[in-house]
Structures are given as C-alpha cells and as structure tokens.
Protein chains: 2
Amino acid sequence: MEELDPLLHQPLRTQLVAFLAGAGEQTFSDLKRQLAVSDGNLDAHLKKLLAADYVAVRKESGNGRPQSFFILTPQGLAALNDYVRALQRLLPLAGSGDGLPEGFPGRTLATD
Amino acid sequence: MEELDPLLHQPLRTQLVAFLAGAGEQTFSDLKRQLAVSDGNLDAHLKKLLAADYVAVRKESGNGRPQSFFILTPQGLAALNDYVRALQRLLPLAGSGDGLPEGFPGRTLATD
DNA sequence: TTAATTAACTCTATATTGCAGAGTTTATAG
DNA sequence: CTATAAACTCTGCAATATAGAGTTAATTAA
C-alpha cells in the first residue's frame with residue numbers, strides 16, 4: 001500500500017514545507033507568524049526537518065538582530081514531490097477542482 | 001493558514017479512509033491485511049474514526065465467525081472531501097502529473 | 001558605556017498520540 | 001467435549017507534539 005513519509009505527513013510539518021516551497025527562504029519569526037505556532041513547537045519541528053536534510057538554515061548576525069533563514073533543500077523538495085505523488089495515488093484527486101466524490105469509484109456509504 | 005484535519009492527516013488513518021472510500025465496506029481482517037498493520041494499532045485508529053462518526057461498524061454473527069464490517073459514513077466522506085481540498089489549496093498540485101516543481105512559484109533552493 | 005529592553009531563538013518537562021503483543025471471545029473440527 | 005484457530009479488544013510502553021520558561025544577543029537611552 002501507498003507509503004506516506006511520516007516526516008511530511010503531519011499537520012504542522014506539511015504546512016511548514018509547503019510554505020517554504022511556495023515562499024522561499026523564511027526567518028524563524030516569519031514562520032512563527034504565518035503558522036501561528038509556539039516557539040518551542042516550531043523549533044522542534046524545524047529540528048526534525050533539519051536532521052533529515054529537508055531544510056537548511058543560514059544564520060546571520062552583525063548587521064542587526066541575529067537571524068536564522070530557513071530554506072528547503074533539494075532533498076526536501078524531492079521528498080515533497082514524492083509525498084505529493086503518493087497522495088495523488090492514494091487519493092484519487094485527479095481533475096477534481098470542485099467535488100471529488102465522483103473520484104471514488106466503488107464506494108458504498110453507510111446509511112445510518 | 002490552511003487547516004488539515006488532524007484526524008485524517010495521519011499516515012495510517014489517511015490510508016484507512018482512502019481505502020474505505022475506494023473499496024467500500026471492509027472487514028477488520030481485510031483492513032489488517034491491506035494496511036499491513038498490527039491488530040492493536042488498527043483497532044486504536046478505527047476507534048478514533050468511529051468516535052468521530054467518520055466510520056460506522058456493522059457486526060454480524062451466527063452464520064460463521066463473528067465479523068465486523070467497517071464502512072465510511074457520509075460525514076467521513078465529507079471530511080475526506082474537505083481534507084483533499086485543503087491539501088489542494090496548500091500544495092499546488094493542480095495539473096502536475098509528472099513533476100510539480102514548476103508548481104511551486106517563488107521558491108528558492110538551498111545550494112548546500 | 002553600561003543598564004534596560006526587546007527580539008530571536010532553544011531547552012525541558014508535560015501531555016498526547018501511536019503502537020505491539022498479550023489476552024478474550026466465539027466458532028468450527030476432531 | 002476438548003483443541004484449535006480466527007477475530008477482535010485491552011493495556012502498557014514508546015515515540016511524538018506542544019507550550020512556556022529560560023538564554024543569548026543586539027539596540028536604545030541615560
């Protein structure tokens with residue numbers, strides 16, 4: 001059965017990676033604001049992504065407050081790519097911009 | 001930012017619900033085999049889906065071994081529908097059957 | 001030039017969730 | 001009627017997620 005990278009298949013991390021993919025390099029604070037998440041929680045999830053080399057960090061200081069810039073690595077983008085494909089195979093999303101129930105052939109609903 | 005139903009956004013439960021959506025009513029053992037998961041783990045996740053009324057169960061006995069048939073409820077299908085749409089908004093998947101990197105405008109990659 | 005303030009992180013303890021295997025029940029076979 | 005096996009279910013351990021307290025570093029203002 002279709003595997004879903006557990007590192008990516010978690011609400012906050014999916015959002016994180018999707019956001020980095022779409023918006024490019026972001027500071028810790030940017031991410032914190034965008035995802036409305038606590039410092040500690042963001043830190044913990046970033047650490048996991050860093051440990052997996054899905055995300056890289058570049059630190060700056062000297063010309064202002066110290067800042068960390070987080071960015072998706074090529075591996076991270078590749079993993080996201082694979083993840084999205086796995087989702088597409090698992091969930092019949094193809095061509096369903098507006099409904100998708102028709103995309104689930106053979107289903108039977110509980111009649112309650 | 002885009003919300004992802006935490007009940008569905010978990011590897012095993014996503015697979016479970018996707019499978020039920022695609023294949024209709026399934027027994028406990030069918031699910032166990034298809035998802036290659038331990039009894040206890042399957043039971044735990046089914047309980048959560050039952051508690052949320054995403055899945056319903058019908059029990060049979062008397063004419064063979066006792067069996068439970070699990071099935072997606074209308075609420076479950078609706079939740080899955082919402083979930084897929086949230087993913088589609090979060091991840092720019094549209095029309096990317098074969099690459100998708102182009103689907104992430106504005107991204108910048110770490111050069112390592 | 002140095003003490004106060006504030007922003008940017010990071011660490012740690014607690015809560016929540018996930019998992020596997022042992023246990024229980026129910027049915028068929030000998 | 002005892003043994004075997006399939007179909008679940010329960011319980012304790014392990015891993016993960018979260019929040020908030022703590023730490024470091026830089027600007028501001030006396």
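Here is how names work: the chains are called A, B, and so on, in the same order as the sequence lines, proteins then strands, and each is numbered from 1. Not measured: the values here are computed from a predicted model.
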(message) My understanding is that only residues two or more places apart in sequence, or in another chain, count here; which of them pass side chain to side chain contact (heavy atoms under 4.5 Å, CB included) with E3(B)?
(response) none
(message) Can you list everything that forms a side chain to side chain contact (heavy atoms under 4.5 Å, CB included) with D43(B)? Sequence neighbours excluded, please.
(response) F28(B), K47(B)
(request) Decide whether H9(B) and T14(B) meet the rule of one side-chain donor and one side-chain acceptor closer than 3.5 Å. (result) no
(request) For F70(A), enumerate each residue passing the ring pair (Phe, Tyr, Trp, His ring centres under 6.0 Å) test, keeping only those at least two apart in sequence or located in another chain. (result) none
How many Å lie between [atom1] on [X] and [atom2] on [N], as a whole number?
X: L7(B); N: dG18(C); atom1: CG; atom2: C1'; result: 13 Å
X: L31(A); N: dT10(C); atom1: CG; atom2: C1'; result: 16 Å
X: L35(A); N: dC9(C); atom1: CG; atom2: C1'; result: 16 Å

(request) Measure from the side-chain heavy atoms of K48(A) and tell me the nearest of dT9(D), dA17(D), dT10(C). (result) dA17(D)
(message) Checking contacts here: which listed nucleotide (dA17(D), dC11(C), dT9(D)) is nearest the side-chain heavy atoms of R13(A)?
(response) dA17(D)
(request) Using salt bridge (Lys or Arg N to Asp or Glu O under 4.0 Å) as the criterion, list what pairs up with R33(B), not counting sequence neighbours. (result) D30(B)
(message) Does a side-chain N or O of K59(A) approach OP1 or OP2 of dC9(C) to a distance below 4.0 Å, or not?
(response) no
(message) Would you say K32(A) places a side-chain N or O within less than 4.0 Å of OP1 or OP2 belonging to dT10(C)?
(response) no
Enumerate all atom pairs, one protein N or O and one N or O from nucleotides 5-7 of chain C, separated by less than 3.5 Å.
from: dT6(C); atom 1: O2; to: R65(A); atom 2: NH1; distance (Å): 3.3
from: dA7(C); atom 1: O4'; to: R65(A); atom 2: NH1; distance (Å): 2.7

(request) Encode nucleotides 18-24 of chain D as B, S and - characters from 5' to 3', where the letter depends on protein heavy atoms closer than 4.0 Å: B to the base, S only to sugar-phosphate, - to neither. (result) BBB----
